[in-house]
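Accompanying notes for the structure given below.
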Amino acid sequence: MPSLAHPAVAATMFPAERHQLTETVTACGLDQGNLPADLQTDVATALDRAASALTRSLAASR
């Protein structure tokens, strides 16, 4: 699978889509190789909730 920076990916997107994707990547801090601290907290919280839900689901299916 090509990366988002690959020219083939850019060629398949409309200009507005490329612009929106660029803004999203920048806002998330992904263009710098890391997430801003507040987003790290949000991601960690979401992962904790997902892990809890998966644990409950797996326990219920036994």
Side-chain angles (χ1 to χ4, degrees):
M1 172 190 254
S3 75
L4 294 175
H6 193 279
V9 173
T12 64
M13 300 174 78
F14 292 107
E17 292 173 321
R18 281 194 301 276
H19 179 74
Q20 183 177 15
L21 178 59
T22 299
E23 284 186 342
T24 301
V25 167
T26 301
C28 292
L30 298 176
D31 62 327
Q32 297 178 18
N34 60 36
L35 292 173
D38 59 333
L39 292 178
Q40 287 180 10
T41 301
D42 291 346
V43 169
T45 299
L47 290 173
D48 288 342
R49 289 180 181 167
S52 295
L54 288 170
T55 300
R56 285 191 307 271
S57 177
L58 289 172
S61 67
R62 290 183 181 188

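- Sequence neighbours left out, the pairs with a member in residues 18-30 that pass side-chain hydrogen bond (donor to acceptor under 3.5 Å, both in side chains) are H19-E23.
- Residues L21 and M13 approach most closely at CD2-CE, 3.7 Å, considering heavy atoms.
- The stretch residues 37-46 participates, sequence neighbours left out, in no side-chain hydrogen bond (donor to acceptor under 3.5 Å, both in side chains) pair at all.
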For residues 47-59, which side-chain N or O atoms pair as donor and acceptor with protein atoms under 3.5 Å away, sequence neighbours left out?
| unit_1 | atom_1 | unit_2 | atom_2 | d |
| --- | --- | --- | --- | --- |
| S52 | OG | D48 | O | 3.1 |
| T55 | OG1 | A51 | O | 2.8 |

